[in-house]
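Following: one structure in structure tokens, then a few remarks.
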Amino acid sequence: MVPAPAPAGHDLGTLRLQYRNDKAALMAQLGVQGSSTRGVRKALQQLSRLTDQTLRELWSMAGFGPGFSLIAVGGFGRGELFPFSDVDVLVLLPDGSQPDHDATLKARLEGFIGACWDLGLEIGSSVRTAADCVAEAEKDVTVQTSLLECRLIAGSKNAFASLVSQLAEAMDPKAFFVAKTLEMRQRHTKFEDTPYSLEPNCKESPGGLRDLQIILWVAKAAGLGRSWDELARKGLATPLEARQIKANEALLSLIRARLHLLANRREDRLVFDLQTAVAESFGFKAQVPAVITPGTPGAAHVAPTARGTRRASEALMKRYYWAAKAVTQLNQILLLNIQERLQSDVPGVDRLRPLNDRFFDKGGMREVASDNLYVQHPHAILETFHLYQTTVGIKGLSARTLRALYNARPVMNARFRADPVNRAQFLKILQEPEGITHAMRLMNQTSVLGRYLWVFRHIVGQMQHDLFHVYTVDQHILMVLRNMRRFFIAEHSHEYPFCSQLAAGWDKPWILYIAALFHDIAKGRGGDHSDLGASDVRTFCHQHGIEREDTRLIQFLVAEHLTMSRMAQKEDLSDPDVIAAFAKRVGNERYLTALYLLTVADIRGTSPKVWNAWKGKLLEDLYRYTLRALGGRAPDPGAVIEGRKREALSMLALHALPHQAHKALWDTLDVSYFMRHQADEIAWHTRVLSKQMAQTASKAAARPEGDTQPAIDKCIVRARISPEGEGLQVLVYAPDQNDLFVRICGYFDSSHFSILDARVHTTLTGHALDTFQVVAPSMSEHYRELIAMVENNLAQTIDERGPLPTPTKGRLSRRVKSFPVTPRVDLRPDEKAQRWLLSVSASDRAGLLYGITRVLARYEINVQLAKVTTLGERVEDTFLISGAQLQMNKRQIEIETELLETLEG
């Protein structure tokens, strides 16, 4: 093998040291604290030039002969280099060169690339002839794009010029445009088609740097320009748009550069772990609202409350989202302009069909009649969206219309918002039978919604650090609006049949749409966002001439939008007093139905992980119980129980059980059991246990008088697919013991099941009859094996009565580490002062519920009801408990202290 002519060790070492020192100095410039973007492009260009210079030195040392070229491609070809980005280069070989058959050339190439890596350059290299480049470009649009930005670093200028000429000749601008826009669409889909991801990729996400790069790629391929200023000179962008693009590009570039520096590696995602550090590098600081101290007029002190506090990261992310939104708008405008230029020679493309005096239909896109339409006729702004939602065949807004809206932002001022014509038009958009979601989303994308509805503007791009919302506030609101709208669309009735059934009988859907639009509109303002939002929506209704009764309903919905969810997930719905209190709060069936629909739409709009069938059942149960109470039929425990018993007996009759087979079990159960279980659950429990009860009844009768040994002294565990269609329902029947509940929780914890609900009952014979609703991380198709495993293993765990296992220590997610929930414990007697309500809130982790129940077991506290609510990565659990230790203040403090220590992990 021919040895590679590697550079001398001393020369390479000196070059390495010089390169590292010079790069460190340039990186220090990028890392200087502050939010000014003025020097970011220059610093990135200097980093690229430093790399160019170093590569030329290495190229010279490698000793390549005439005809060879070293070419920068891809991002490096643009002449800007981020701190830890790859250095993409092409070694252009003379035609006919074959490194695989030329040992000297192969060794020289390997020596050059090896020296690059030794020096600290993260090289992405390709070695091709010009013919190879053209052939690869024709097959792969990614290669074609990379070569489109090629730039000569060293070597033969003639060879480089020939390559550029061949690539230009092979380029089909129209095909390239189609390929790149399809590629962009696929990329956007990967990032859920939103710039508002909570951990956006500032390069690849919608509204990121890649969306700007694609404009220059397709423009350059079509010969329309190589820079923003050139695009402006050729009429593809206005001077204002060019300035806006350059400003937002600089901000995104600085964020990306800071990410690289803080992560000390290539990192393009604004991950939670780095958001605060990046924000602080921009000079953002956490802001806590000043609170006036009572009794000291004019004096203020800082109250570090959770409400109203704005993190440094929130300020950064809001700025990022506004930039990403502007990039998304400008990307759409410029790409449409370029597309029109490319299609200018296609017959019929520019044909305009008049819609009225102000608008045309241009190939399915709404086109304004003049560029200054909105400045001269501001009423046409909202008319644009009304026509968009009501005109069949219109699929979007043209580049000219988008640009006109973008430039008309100053017109959308206080006078515009107070105009009666505009107010009527906005209400008309909400009252149309179709197209509401699309119209509102388009209004938000074009910044019209926030400029007309000024309170909405404040929550655009606002993050929610509550560990269960996965959308920014504005996107969450539009998602809730979309969910509410789907209840009224027949094609979606299969998704939530009960909601669709209720919606079918609702007379004014727009009332619910307004409530959805305002329910979280006061987030982040400090204070109770429900109360503040109710005040906002009252003002809106007054300004838009909405009748008093409808206004009262809308205001009620905004003020109470969290109430039903809290009641369903935290209160004992079998308690008639709970239902009566809620019925009094909602007042009538109309208010109840509206609140139910808004609650379901709201929970569904927080995160795909938050909604489940069990929560759906709890809400539906609360709705039905309250509806019965509102009908003048106050819950009569006796009548309810008798009705459930009759229904359960009807179900049991289908299974051919012996006459009176239910009696042995039912005689051991009290009122609370029948109040807390539905008829199908009672029938299932009876069917499972009646045979065992019958077999032991005769044994009990034969025992000596005074023998109180339980009839069934072994544990019975049965499981079935949950009637709600999600997870398992598990029945445990066993002689009661102090640590039974914690043992069951320990088993589910170690087996990686999540408990959604637990109802604990003690029979008159001293048996525990407990029902659990559980879900596994992934419910296998082979659910029979899963059921058999739970029945056998849980029964064995209970019967063995060994030492309690140590809770598992689950790893905290990155989100929980970045935005931890302050643990909270609330212990107070219920309204009847007979039992106690324990509420806990904390960041979720494996073993948490088991750890809580271990503390309760240690103090011999009985758990009668457990409601486990998981909101993304936050848990809010409620327990109905009793025990002698709770009557002593000292023990209460000890219990609360130990629970807090458990929650803190």
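Residues take their numbers from the sequence shown, with the count starting at 1. Reckoned from all heavy atoms, side chains included, excluding hydrogens, waters and symmetry mates.
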> Is the charged tip of R409 near the ring of Y406: under 6.0 Å from the six-membered ring centre and within 45° of its axis?
Replying inline: yes
Salt bridge flag under 4.0 Å for residues [X] and [Y]:
X: E249; Y: K246; answer: no
X: R403; Y: D371; answer: no
X: R525; Y: D536; answer: yes
X: R590; Y: D507; answer: yes
X: E340; Y: K362; answer: yes

> Taking only residues two or more places apart in sequence, or in another chain, which ones meet F282 in a ring pair (Phe, Tyr, Trp, His ring centres under 6.0 Å)?
Replying inline: none
Will you find, in the side chains of [X] and [Y], an N or O donor that is under 3.5 Å from an N or O acceptor?
X: E383; Y: H386; result: no
X: Y596; Y: T626; result: no
X: H438; Y: Q389; result: no
X: S227; Y: D229; result: no
X: R366; Y: Y388; result: no
X: Q555; Y: R552; result: no
X: E241; Y: N407; result: no
X: S398; Y: E367; result: yes

> Got Y196 and D474 here, is their nearest side-chain heavy-atom distance under 4.5 Å?
Replying inline: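 Yes; the side chains approach each other to less than 4.5 Å.
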>> Do H458 and K523 have side chains that approach each other closer than 4.5 Å (heavy atoms only, starting at C-beta)?
In response: no
Where is the tightest heavy-atom contact between [X] and [Y], given as atom of each residue plus distance?
X: G533; Y: I521; answer: CA-CG2, 4.4 Å
X: A242; Y: W228; answer: CB-O, 4.0 Å
X: L427; Y: I546; answer: CD1-CD1, 4.1 Å
X: Y374; Y: A408; answer: CB-CB, 3.6 Å
X: A515; Y: V558; answer: O-CG2, 4.0 Å

> When rounded to the nearest 0.5 angstrom, what is the spacing between CG in N331 and CG in D211?
Replying inline: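 One finds 4.5 Å between CG of N331 and CG of D211.
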May I ask you to decide if the ring planes of [X] and [Y] are parallel, tilted or perpendicular, using 30° and 60° as cut-offs?
X: Y591; Y: F556; value: tilted
X: F426; Y: F540; value: perpendicular
X: F487; Y: Y496; value: perpendicular

> S565 pairs by side-chain contact (heavy atoms from CB on, under 4.5 Å) with which of L622, T599, L595, L598?
Replying inline: T599
> Which of these, L182, I214, V218, sits in a side-chain contact (heavy atoms from CB on, under 4.5 Å) with F177?
Replying inline: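 When L182, I214, V218 are each tested with F177, the side-chain contact (heavy atoms from CB on, under 4.5 Å) holds only for V218.
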> Are D193 and R185 close enough, and set up right, to give a salt bridge (Lys or Arg N to Asp or Glu O under 4.0 Å), and what steps lead you there?
Replying inline: CA-CA 8 Å; D193 283 312; R185 235 176 272 164; over 6 Å; no
> Quick check, are the ring centers of F498 and Y623 under 6.0 angstrom apart?
Replying inline: yes
> Would you say Y321's side chain and S197's backbone share a donor-acceptor pair under 3.5 angstrom?
Replying inline: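 Judged by distance alone, yes, a pair lies under 3.5 Å.
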